[in-house]
A.B. asks: 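If you scroll down you'll find the structure; I have some questions about it.
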Amino acid sequence: MAFIRTRFAPSPTGYLHVGGARTALFNWLYARHTGGTFILRIEDTDQVRSTEPSVQAIFDALRWLEIDWDEGPFFQSQRLDVYNAHIDRLVAEGHAYHCTCTPEQIEAMREKARATGDKPRYDGTCREKGLAACPGSVVRFKAPSTGATLVPDAVKGDIVFANDELDDFVLRRSDGMPTYNFAAVVDDVTMQINTIIRGDDHVMNTPKQILIYNALNQPLPVFAHVPMVLGPDRTRLSKRHGATSVTAYRDMGLLPDAFINFLARLGWSYGDQEFFTRAELIEKFTLDRVGKSAGIFDAVKLSALNADHIKATAPQALARHLLPFMQAQGLNATDDAYLHGAIATLQARSKTLEEMARQAHFYYTEPVALDDQTAGKFLKPEVLEWLRALADRLSALTSFGEKDLETVFLQVMETFQIKLGKIAQPLRVALTGTTVSPGIFEIMVVLGKERVLARLARAIEYIEKRG
RNA sequence: GGUCCCAUCGUCUAACGGUUAGGACACUGGCCUCUCACGCCAGUAACAGGGGUUCGAAUCCCCUUGGGAUCACCA
């Protein structure tokens, strides 16, 4: 297989969920790894459940994940003529037939089968009638009732299905729309998809699809069924497990690279390595390292990985992702050196971008809020002369680097015979209005001389007023 | 219920017949320290059970048990 062609084919019946995102990711990574082509196809043959907002939500999520596609998006609803041409061919060649049995008749067959303990299946009433298409008729596939169908799977190995498990399933519904199994095969054939990576909830569909490939006289693609993503209760991940929409994680302040790193490691591994950049993922992703067993989605681990990515990303690159959160919190920041400096002090202490934005407030709040709750506790008369001395010496500084600041502090500490711990908290409150922040030297460097002196002056004033 | 898949610490996983069964998250101690974090060090914790095969099984085979998926004119 010289040239890999993969695809992601979601149905637009809701937001892109975690499981779908991982399927998209694996297909994308594999295509990028092999220098192949990744195609996006929207499976909207279910007229009732498919919606335009869902289509947009999927695009939106993929865009955030930075998963781009080379061809498409193709919409199945716009390819009816392609499916019909293949239907005609299958009927003409005797692989399929028109069926006029009504849903009621089908249900009766199932009831009867259940009563006798047989498998509920279509009994083949119209199979040999040679009926023509007519309003309300469906097209069924002439499935073999003997023998077995082998599903070669790149992750699970060979899986064998007895053909008598299958019945003459529907290819085209009475409303003229193709069914999933048929449309998917026709699309994969015509789009020359040669590697199908999808959730293993699709393995039961695969023998049917292989039968269609055979009837169409087409070579089989490589199938790779990746294990499911489960919720903490070990059932398939769904809405009731909390956030399952991909964009919800974006809105929580996750980095897309952290999210795909996490998704990749759920079901795929590369020795002991846990942290992967996007480029590393592309470089190292192969199908033979995909695991066989289902995995539980662990939000705590995702959060830890996000923290690692935040630490490992350059402030300049982080800014773009952080800005929306700052704006949402009413902070008027711009992508400049000041912001980058602030980010650098916050990286080690933020698990999410949302959290980072919250911690960045003091950098952008002028004047800093001095509430009596905290300010009253630390900005007391006894620190007054220390702060004054600090302000004096700092104002004399011509360069405001960490080394310069340290020198000033040592002098003040020496003068008053105090330890850094004594003055650090009052100073922190003066500069940030809170008792928790990055190191005082680093924030002073970022704030710069002017802001520092202004905030100090204000704290001194606060103490004087309060007495 | 039929069919199919899966099975290593609580969780994600490494191991491709021979290891004191490794790493990460979480948790618990300690160190560092101007607060909070980060970081560093240490610790608790797993081969589902039973039969085989083999000089030797977490690794191969079978059974049991457990979990999951799927049984549509949904995808």
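Letters A, B, ... mirror the listed sequences (proteins, then strands); counts begin at 1. Only heavy atoms go into these numbers, but all of them, side chains included; no hydrogens, no water, no symmetry mates. No experiment lies behind these values; they were computed from the predicted model shown.
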A.B. asks: Write down the partner of B/G43 under the Watson-Crick or G-U wobble criteria, each distance required to be under 3.5 Å.
C.D. replies: B/C27
A.B. asks: Please classify the nucleic acid contact of A/Phe441 as base, sugar-phosphate, or nothing, using heavy-atom distances under 4.0 Å.
C.D. replies: base
A.B. asks: Looking only at side chains, do A/Thr206 and A/His225 share a donor and an acceptor under 3.5 Å apart?
C.D. replies: yes
A.B. asks: How far apart are the C-alpha atoms of A/Tyr180 and A/Asp46, what are their side-chain angles, what is the distance that settles it, and do they pass the side chain to side chain donor-acceptor pair (under 3.5 Å) test?
C.D. replies: CA-CA 9 Å; A/Tyr180 161 73; A/Asp46 186 335; over 6 Å; no
A.B. asks: Rounded to whole angstrom, note down the C1' distance from B/C5 over to B/G22.
C.D. replies: 28 Å
A.B. asks: Figure out the CZ/C1' separation between A/Arg7 and B/A75, and round it to whole Å.
C.D. replies: 11 Å
A.B. asks: Please state whether the rings of A/Phe409 and A/Phe441 are parallel, tilted or perpendicular, taking 30° and 60° as the class boundaries.
C.D. replies: perpendicular
A.B. asks: Nearest of B/A14, B/C74, B/C12 to any side-chain atom of A/Arg49?
C.D. replies: B/C74
A.B. asks: With under 30° as parallel and over 60° as perpendicular, where do the rings of A/Phe285 and A/Tyr30 fit, or are they tilted in between?
C.D. replies: perpendicular
A.B. asks: So, A/Tyr363 versus A/Thr432: side-chain donor-acceptor pair below 3.5 Å or not?
C.D. replies: no
A.B. asks: Looking only at the side chains, is there a donor atom on one of A/Thr235 and A/Asp233 sitting less than 3.5 Å from an acceptor on the other?
C.D. replies: yes
A.B. asks: Of the nucleotides B/U11, B/C5, B/A26, which has the atom closest to the A/Lys156 side chain?
C.D. replies: B/C5
A.B. asks: Can you check the distance between B/A57 and B/G52, where both ends of the measurement are the P atom (answer in whole Å)?
C.D. replies: 12 Å
A.B. asks: Expressed as a whole number of Å, how far does the P atom of B/C62 sit from that of B/C4?
C.D. replies: 13 Å
A.B. asks: Starting from the C-alpha separation in whole Å, work towards a yes-or-no answer on side chain to side chain donor-acceptor pair (under 3.5 Å) for A/Asp164 and A/Ser145.
C.D. replies: CA-CA 5 Å; A/Asp164 61 11; A/Ser145 55; over 6 Å; no
A.B. asks: Suppose you measure atom P in B/U65 against the same atom in B/G49; what distance do you get, rounded to whole Å?
C.D. replies: 16 Å
A.B. asks: Quick one: look up who B/C34 pairs with, Watson-Crick or G-U, both distances under 3.5 Å, and put none if it's unpaired.
C.D. replies: none
A.B. asks: Can you build the contact string for nucleotides 64-73 of chain B? Use B for base contact, S for sugar-phosphate-only contact, and - for no protein heavy atom under 4.0 Å.
C.D. replies: ----SSS-SB
A.B. asks: Do the side-chain N and O atoms of A/Ser350 and A/Gln359 include a donor-acceptor pair separated by under 3.5 angstrom?
C.D. replies: yes
A.B. asks: Quick check: on RNA chain B, is the nucleotide nearest A/Asp272 upstream (toward 5') of the one nearest A/Ala304, or the reverse? Name the residue that is more 5'.
C.D. replies: A/Asp272
A.B. asks: For B/C25 and B/A14, measure between their C1' atoms and round to the nearest Å.
C.D. replies: 15 Å
A.B. asks: Which value, in whole Å, describes the distance between the C1' atoms of nucleotides B/A46 and B/A21?
C.D. replies: 9 Å
A.B. asks: Could you list the residues that satisfy side chain to side chain contact (heavy atoms under 4.5 Å, CB included) with A/Asp187, not counting sequence neighbours?
C.D. replies: A/Arg41, A/Gln76, A/Arg79, A/Tyr83, A/Thr190, A/Met191
A.B. asks: According to the Watson-Crick and G-U wobble definitions, with both distances under 3.5 Å, which nucleotide is paired to B/G66?
C.D. replies: B/C6
A.B. asks: Return the 5'-most residue of the pair A/Ile296, A/Asp44 with respect to RNA chain B, ranking by each residue's nearest nucleotide.
C.D. replies: A/Ile296
A.B. asks: What is the base-pairing partner of B/G18, counting Watson-Crick and G-U wobble geometry with both distances under 3.5 Å?
C.D. replies: B/C55
A.B. asks: Is the base of B/A24 touched by the side chain of A/Lys301 through a donor-acceptor pair closer than 3.5 angstrom?
C.D. replies: yes
A.B. asks: Does B/G1 have a Watson-Crick or wobble mate here (both distances under 3.5 Å), and if so which one?
C.D. replies: B/C71
A.B. asks: Quick one, give me the B/S/- string for nucleotides 35-48 of chain B, reading 5' to 3', where B means a protein heavy atom under 4.0 Å from the base and S means that only happens at the primed atoms, P, OP1 or OP2.
C.D. replies: BBBSS---------
A.B. asks: Rounded to the nearest Å, what distance is computed from the CG atom of residue A/Leu305 to the C1' atom of nucleotide B/U13?
C.D. replies: 13 Å
A.B. asks: Can a donor-acceptor pair be found between the side chains of A/Asn27 and A/Arg198 at a distance below 3.5 Å?
C.D. replies: no
